Amino acid sequence: MKKVDIVEFEIRQLLDAVLFQYGYDFRNYSGASMERRIRNRCILSNCNNISEMIPKILHDPDFFDLFLKDMSITVTEMFRDPYVYKRIRQEICPVLSTYSRINVWHAGCATGEEVFSMAILFEEEGLLERTRIYATDFNNNSLEIAKRGIYSAEKMKQYTKNYIDSGGRASFADYYMAKYDSVKIKESLKKNITFANHNLTKDQVFAQMNLIICRNVLIYFDNELQDQTLNLFKDSLINRGYLVLGDKETIDFSDIRDDFEDCCRKERIFRKKNEI
Ligand SMILES: C[S@@+](CC[C@H](N)C(=O)[O-])C[C@H]1O[C@@H](n2cnc3c(N)ncnc32)[C@H](O)[C@@H]1O
């Protein structure tokens, strides 16, 4: 029988309490980084051990909010990994331009930077008008920031560089209004975006997607949950639809592998085969 150490046992109980009380299922998040974040919260809350956090989680929704923030790493950027956007521009946009309606799903969109990057790219490729972008995350705080589309002006230097490296065709400053130390994304870019809460561990498919972008989310899941999520994406895509993952993520181990072909392997872009 596998020996379970006491911390592992306490974490299991804590995650069961979270699932029971709030319906969030973290049982298949991958081990080491989750354990580090839970231990950290334990210290910050002056608890002597992880078990002491269980009653807090069960009875204090504000404490659960802190826990959810810990579990939801929101690091993101506009035009993050510019070479991926370049490929989307070169390889995917010409194909999408043959469709009269285009559906895009950003799963795990965090605070929205990635979503507005895609809106800018689609605008430049003449596709935005006929596109509906669904941008989802399970963290409502992040979604509120995304809906506002207000970011720190400090970051614009890096984002401008990313935009240029991605093959941007205009001046990046055309897409936002600067005020004091922040910038606001142009309203016209938001028009075709629907932000919504969606939990990849338990919620349903988004049907008829031409393109799904889910980057730097699967790395937090164990293989079983990654596989379940990849199947959700497969069922959400139309035949010949595209799936874009993060640079440390792959479908190679998954049972959806045979349903997809590599489109751009380096950029982690896969294309669904025709279902027979
Ligand atoms: C590191 S961010 C990635 C943001 C963006 N995709 C990027 O690559 O720049 C990971 C996001 O995944 C979200 N996430 C984690 N687990 C999730 C789940 N089960 N359902 C939906 N979103 C989840 C987190 O809330 C966080 O916003």
Side-chain angles (χ1 to χ4, degrees), residues 15 18-19 22-31 33-34 36-38 41 64-85 87-88 104-121 133-149 151-152 155 158-159 161-163 165-166 185 193-206 209 211-233 236 242-250 267-269:
L15 300 183
V18 167
L19 178 62
Y22 301 98
Y24 280 82
D25 190 352
F26 291 102
R27 293 172 305 171
N28 287 94
Y29 277 53
S30 61
S33 91
M34 181 172 68
R36 198 176 54 248
R37 282 175 272 155
I38 291 176
R41 178 54 54 198
F64 171 68
D65 263 359
L66 289 176
F67 175 84
L68 191 57
K69 265 194 197 143
D70 294 338
M71 301 304 281
S72 147
I73 311 288
T74 55
V75 181
T76 187
E77 266 178 28
M78 288 190 85
F79 291 96
R80 183 180 194 176
D81 305 326
Y83 63 94
V84 175
Y85 287 89
R87 276 299 198 178
I88 294 174
V104 176
W105 178 17
H106 279 272
C109 69
T111 41
E113 287 85 337
E114 183 183 71
V115 185
F116 293 124
S117 308
M118 199 62 77
I120 290 171
L121 196 162
I133 300 180
Y134 298 91
T136 65
D137 203 282
F138 75 166
N139 181 334
N140 282 332
N141 292 317
S142 296
L143 286 171
E144 282 313 310
I145 295 171
K147 280 181 204 165
R148 282 198 291 274
Y151 303 111
S152 158
K155 295 181 173 162
Q158 178 64 44
Y159 293 176
K161 181 177 182 312
N162 288 354
Y163 167 76
D165 291 348
S166 79
I185 298 293
I193 303 174
T194 304
F195 288 101
N197 189 300
H198 181 280
N199 187 339
L200 290 165
T201 64
K202 68 177 175 74
D203 292 331
Q204 300 300 307
V205 295
F206 271 71
M209 291 296 133
L211 168 63
I212 296 177
I213 300 106
C214 182
R215 301 172 66 211
N216 309 302
V217 181
L218 296 182
I219 33 167
Y220 300 107
F221 298 174
D222 69 10
N223 275 4
E224 186 186 334
L225 184 54
Q226 287 191 30
D227 198 38
Q228 179 190 314
T229 309
L230 289 169
N231 272 287
L232 180 80
F233 294 154
S236 300
Y242 294 92
L243 173 64
V244 184
L245 301 180
D247 67 347
K248 292 181 193 65
E249 296 159 339
T250 182
E267 292 79 4
R268 309 291 160 130
I269 303 175

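This one's a predicted model, so the numbers in the text were calculated from it and none came from an experiment. Counting starts at 1 for both ligands and their atoms, in listed order.
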(message) With rounding to the nearest 0.5 angstrom, report the CG to CZ distance, D247 to R215.
(response)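 The CZ atom of R215 is 7.5 Å from CG of D247, to the nearest 0.5 Å.
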Any nitrogen or oxygen of [X], main chain or side chain, under 3.5 Å from a nitrogen or oxygen of ligand 1?
| X | value |
| --- | --- |
| T74 | no |
| T76 | yes |
| F221 | no |

(message) Using heavy-atom distances only, which candidate in N139, L200, D81, D137 approaches atom 25 (O) of ligand 1 most closely?
(response)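 Ranked by closest heavy atom to atom 25 (O) of ligand 1, first place is D137.
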(request) Say whether M71 and ligand 1 are in contact under the criterion: heavy-atom distance to a ligand atom below 4.0 Å. (result)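 No heavy atom of M71 comes that close to ligand 1.
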(request) Report yes or no: does a heavy atom of Y29 sit under 4.0 Å from some atom of ligand 1? (result)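 Yes; Y29 lies near enough to ligand 1 that a heavy-atom distance drops under 4.0 Å.
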(message) Suppose we call two aromatic rings close when their centres sit under 6.0 Å apart. Are F67 and Y22 close by that rule?
(response)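 That pair fails the under 6.0 Å test.
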(message) Just to verify, what does Y151 make a ring pair (Phe, Tyr, Trp, His ring centres under 6.0 Å) with, not counting sequence neighbours?
(response)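 In terms of ring pair (Phe, Tyr, Trp, His ring centres under 6.0 Å), with neighbours along the sequence ignored, Y151 is linked to no residue.
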Nearest non-hydrogen protein atom, [atom]:
| atom | result |
| --- | --- |
| atom 10 (C) of ligand 1 | I73 O, 3.2 Å |
| atom 7 (C) of ligand 1 | R80 NH1, 3.1 Å |
| atom 22 (N) of ligand 1 | F138 N, 3.5 Å |

Expected list for residues 112-121: side-chain donor-acceptor pairs under 3.5 angstrom, two or more places apart:
unit_1	atom_1	unit_2	atom_2	d
E113	OE1	T111	OG1	2.7
E113	OE2	T111	OG1	3.3
E114	OE1	H106	ND1	3.2
S117	OG	F79	N	2.9
S117	OG	E113	O	2.7

(request) Between H198 and ligand 1, find which residue part has any heavy-atom pair under 4.0 Å and reply side chain, backbone, both or neither. (result)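 Backbone only; the side chain of H198 stays clear of ligand 1.
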(message) Under a 3.5 Å cutoff, is there a donor and acceptor pairing between the side chains of Q158 and N162?
(response)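 Yes, side-chain donor-acceptor contact under 3.5 Å.
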(request) Check each atom of ligand 1 against the heavy atoms of N216 and keep those under 4.0 Å away; list them by number with element. (result)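 Answer for ligand 1: 1 (C), 2 (S), 3 (C), 7 (C), 8 (O), 10 (C).
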